[in-house]
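Excluded from the calculations below are hydrogen atoms, water molecules and symmetry mates; all remaining heavy atoms, backbone and side chain alike, are included.
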Amino acid sequence: MDVTLPILILAIPIAMFLILGIGGVVMPRKVAGVLGILGMGTCAVLAYTVAFTYFFSGAPDFITEAGQRLQYQVFDVTWLSFTEKLVVKLGFLLDPISAMMLVVITTISFMVHLYSWGYMEHEPGFQRYYAFLSLFSFSMLGLVVATNIFQMYIFWELVGVSSYLLIGFFYKLPSAVSASKKAFIVTRFADLGFLIGILLLSYYTNTFNFEALTSNPELVMQECGGATFMGASVMTWAMVLIFMGGMGKSAMMPLHIWLPDAMEGPTPVSALIHAATMVVAGVYLVARMFPCYCQVPASMDFVGIVGAITAFYAAVVACCQIDIKRVLAFSTISQIAFMMVSLAVARDYVPVGEHWHAPGLGYMASMFHLFTHAMFKALLFLGAGCLIHAVHSNNYTAMGGLRKYMPITHWTFLIGCLAIAGIPPFSGFFSKDEMLAAMYQNSFFWGAWMTMVAGLTAFYMFRLYYLIFWWEENEHYKEHKPHDGPWQMSLPLIILALVSCVAGFIPFGELVTYNGEPYHIHLEMGVAIPSVVVAVIAIALATWLYRVKNDKPAKMRAALPTLWEAAHRRFYWDEIYMFITHRIIFGIICQSIAWFDRHVIDATMDGFAKITQKCSYSIRGMQNGHIQAYVAWYLFGAVALAAIAWLALA
C-alpha cells in the first residue's frame, strides 16, 4: 500500500489543529468551520479508501489464498531505543479492527464536524472548538493504528488532553471546569496503572510490538518465567493493570464517575467522545491484546465481573435520570460494559455448530456492537443536541409532545431507540444477539444477567423517548415554538439513522475477524426470540407508564422513594469519593501529616534555630571590634588546646 494515504490520515487533522489553533483568532467563523469540515471530510474519504483496499482488494499483503486476513504495517519508524531489543517505533498498523476503527472514527467525527457548524454557530470560541475537535480526531486515529503498546499509550494520553479541552470548552462555567478536571484526574489515575502494566510486560518480554505480543502469547507467558507477586503471576498483574487504563477511558466501575459530568461539554462533543470513540478505547485495548488476555483467565474473569456489574449499575441509574444527556451517558457506560463482558466470555475455546465457536463469536460480537453502537449512540446524542438547541434545557421536564414540532428529530431518535433496544431489523438487534449468544454459550448466568440488562436498556430508552416526544406539551412552547435544527444538524441525523437501519446486514464476521479467519455470523433463534420478547415487554411497560401524562410514575417513585433517590444520586458514588478524599485523605491523613510536619519536624528545626540564636547572642560580645580582646581570646584558645593535648597524651 502507498504510504501517502495513511500519513495523510494522521497529518490532515493535526494540520487542521495547528492552522485553526494558531490562525483561528483572525479567521471568520465560516472559514474556520469550512476548513474543519473539509479537513475531516478528506480524512474520512482517505480512511474509507484505506479500509476498502484492506478488506476488498484481495492483495497478498492483506489476505492469504486461504482467506486469512493479515496484519500489515504500512510504515514503522524507530523513535527510541532502550536496549538492542526494546525499541519504541512509530508506525501505522492495518488489521481488521484498526481498519474498522478508522471507518468509525472518521465517520462520527465528520458527522460531528458538520453538525457543529449549526449547533455551535453562535458560541464564542468557535474556531478554538474546531481546533480541539481536530486534535481529538488526530489523537484517536493515532491510538487505533499504533503498531506497539507504547505508541498507543502516547496517543492514549493525547486523547485524555483532548477530552479535557473539549469537556471544559465552556471554561467560564464552574461546572464545566470542574467536570474537565474530574475527567482528567480520574483517567490519569487509571493511566498510571496502564503505564505500570506496560512496563511490567515490556520488562519481561523485551518488546512493545503488538504483533510480537499477540502472534505467540504462549511464548510471552514463558518469557515471564513464572514470576509471581502476591499469589498472582506477573502476566496476570500486567494484564489487569493494562485493563485499568481501559477502565478509566471506558468509565468502568469504580472509575466511571467522570463520564456523567463530562456532559457539561458541548453536546456534539458528547457524541464524538463519550458515545462513539474515546470511551470505546478500553474495549479496543482489550481486543488488541486479546490473545494475551486469553493466556491469563484470571484477568479475563476480572474484565467480565467488572463489565457485568457496571452494565447493570449504569442501566439502573439511567432509569432515574432527568437530564437527557446523563441518561445517554449512563447508557453508554452500560453498553461499553456489555462489550467488555462479550470479550471476557470469548476466552473459552468451546466448539459450537459448524461455522463458529465461542472465542470467535464473543470477540466478533463485541467488535460488531462497537461498530453499531457508535452509529446509533452518536445519532441519539446528536438528536439530544437538537432537542436542547430547541428548548434550551437538558431536562426532559422542559420537553414533552415534541414529535409534531420536530419530526426529523423525532423519527431519527426513535430509530436510535429501536436500535439500542435490540428490535429487528435495526442494527443493534444483530450485534446484541451475537453478544448474548456468546454469553449463553459460556454460561446461562452470563446470558440471563445480560439479557436483564438489555431489558433495562429498552425500558429506560423508551421512557426517555415518551417523556420527550409524547408526554404533555410544555407550556413554554407558546413563548418559543420549538423546531428542527438547520440542515447542518438534520443531515447527520438522517445519515446516522440510515446507517443504524442497515448496519446489521453488513457481513461483519467475514471482514473484522478474530484470528485472521472469517466467521459466518448467523442468528441464534433460541437467543434472539427471548431477547426480543424481553425488549418488547420492557418497551410495553415504558409505553404504559410514560406515553401520556399520568400519575403512575409518581406513585412508583413514592412507593420506593429510597431506591429512586439512590439511583437518581448514582448510588452516592460521588459522595463516597468526596468522603474518601475530603474526610479521610485530606481531613485525617493529610491533617495528621500536616500536624506532624508542623509540631514535630518544624518544631524540631525551630528548636535548633532558637538554640543557635541564643548561643550566638550569648557569645556576640567576643566580636566587639577590640584588638586586645581578640588577642586575649586567641591566647585563651591556644592555652585550652595545649591543655587538651597534654591531657590526651598523658
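- Aromatic ring orientation, His369 versus Phe338: tilted (interplanar angle from 30° to 60°).
- Contact detail for Ala251 and Thr310: the closest heavy-atom pair is O-CG2, 4.1 Å.
- Atom CG in Leu380 sits 10.0 Å away from atom CG in Leu414 (nearest 0.5 Å).
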_Show, in sequence, the C-alpha distance, side-chain angles and deciding distance for Met16 and Leu135, and conclude whether the side chain to side chain contact (heavy atoms under 4.5 Å, CB included) test is met._
CA-CA 8 Å; Met16 286 297 104; Leu135 177 63; over 6 Å; no
*Assess whether side chain to side chain contact (heavy atoms under 4.5 Å, CB included) is satisfied between Phe243 and Met289, documenting all intermediate values.*
CA-CA 10 Å; Phe243 175 64; Met289 300 291 292; over 6 Å; no
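- Put simply, the side chain of His373 reaches to within 4.5 Å of the side chain of Met339, judged on heavy atoms.
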*Steps toward side chain to side chain contact (heavy atoms under 4.5 Å, CB included) verdict (Val159, Leu143)*: CA-CA 8 Å; Val159 168; Leu143 187 155; 4.1 Å; yes
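- Although no hydrogens or angles enter the test, the distance criterion places no donor-acceptor pair under 3.5 Å between the side chain of Trp411 and the main chain of Ala497.
- Taking CG of Leu199 as the start and CD1 of Ile242 as the end, the distance is 9.5 Å to the nearest 0.5 Å.
- Centroid-to-centroid, the aromatic rings of Phe430 and Phe508 stay 6.0 Å apart or farther.
- Between the side chain of Tyr164 and the backbone N or O of Ala183, no donor-acceptor pair lies under 3.5 Å.
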*Does the ring-ring contact (aromatic ring centres under 6.0 Å, His included) test come out yes or no for Phe138 and Phe155, once each step is laid out?*
CA-CA 9 Å; Phe138 164 74; Phe155 283 97; 5.5 Å; yes
*Pair Ser116-Tyr130, side-chain hydrogen bond (donor to acceptor under 3.5 Å, both in side chains): steps then yes or no*: CA-CA 9 Å; Ser116 298; Tyr130 269 95; 4.9 Å; no
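- Within the 4.5 Å cutoff, the side chain of Cys501 has heavy atoms near those of the Ile415 side chain.
- The two residues Gly193 and Met244 come nearest to each other via the heavy atoms CA-SD, 3.8 Å.
- Looking at Lys89 and Thr147, their side chains never bring a donor and an acceptor atom within 3.5 Å of each other.
- Side-chain N or O atoms of Arg128 include none that pairs as donor or acceptor with a backbone N or O of Leu20 at under 3.5 Å.
- Using a distance-only test at 3.5 Å, with no hydrogens or angles considered, no donor-acceptor pair links the side chain of Ser299 to the main chain of Val240.
- Residues Ser98 and Tyr284 have side chains in contact (heavy-atom distance under 4.5 Å, counting atoms from C-beta outward).
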*Hey, mind stepping through Phe381 and Leu272 against side chain to side chain contact (heavy atoms under 4.5 Å, CB included) and telling me if it holds?*
CA-CA 9 Å; Phe381 263 110; Leu272 177 63; over 6 Å; no
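- Put simply, CG on Leu141 and CG on Leu158 are 12.0 Å apart, with the number rounded to the nearest 0.5 Å.
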*What's the verdict on side-chain hydrogen bond (donor to acceptor under 3.5 Å, both in side chains) for Asp484 and Thr409, showing C-alpha distance, side-chain angles and the deciding distance?*
CA-CA 7 Å; Asp484 279 316; Thr409 306; 2.6 Å; yes
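- No close placement of the Tyr72 and Tyr54 rings is indicated, their centers lying 6.0 Å or farther apart.
- Cation-pi geometry between Arg188 and Phe184 is met: under 6.0 angstrom from the ring centre, within 45 degrees of the axis.
- Side chains of Val283 and Leu343 form a contact here, defined as non-hydrogen atoms less than 4.5 Å apart.
- To the nearest 0.5 Å, the span separating CG on Leu498 from OG1 on Thr412 amounts to 10.0 Å.
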*Apply the test side-chain hydrogen bond (donor to acceptor under 3.5 Å, both in side chains) to residues Ser500 and Ser427: give CA-CA distance (whole Å), side-chain angles for both, the deciding distance (0.1 Å), then the verdict.*
CA-CA 5 Å; Ser500 298; Ser427 59; 4.7 Å; no
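- Although no hydrogens or angles enter the test, the distance criterion places no donor-acceptor pair under 3.5 Å between the side chain of Ser366 and the main chain of Tyr363.
- Within the 4.5 Å cutoff, the side chain of Lys249 has heavy atoms near those of the Trp156 side chain.
- In this pair, Phe150 and Phe208 present their aromatic rings tilted. The plane angle is within the 30 to 60° band.
- Side-chain contact between Phe170 and Pro266: present, with at least one pair of heavy atoms (C-beta onward) separated by less than 4.5 Å.
- Results of the side-chain contact (heavy atoms from CB on, under 4.5 Å) test with His113 over Cys43, Pro492, Ser137 single out Ser137 as the only residue that passes.
- Between Ser250 and Val280 the shortest side-chain heavy-atom distance does not fall below 4.5 Å.
- Between Tyr129 and Pro268 the shortest heavy-atom distance is OH-CB, 3.2 Å.
- Checked by atom type and distance alone, the side chain of Arg29 never pairs as donor or acceptor with a backbone atom of Gln127 at under 3.5 Å.
- A distance of 6.0 Å or more separates the ring centres of Phe17 and Phe132.
- Nearest heavy-atom pair, Met100 versus Met367, reported as atom, atom and distance to 0.1 Å: CE-O, 3.9 Å.
- Note that CG of Leu370 is 6.5 Å distant from CD1 of Ile336, once rounded to the nearest 0.5 Å.
- If you look at Tyr119 and Tyr115, their ring centroids are closer than 6.0 Å.
- With contacts defined as side-chain heavy-atom distances shorter than 4.5 Å, the pair Met278/Phe136 qualifies.
- The nearest pair of heavy atoms linking Tyr293 to Met300 is O-CG, 3.5 Å.
- In terms of heavy-atom proximity, Ala44 sits nearest to Thr106 at CA-CB, 3.6 Å.
- Note: Leu493 CG to Met111 CE = 10.5 Å, rounded to the nearest 0.5 Å.
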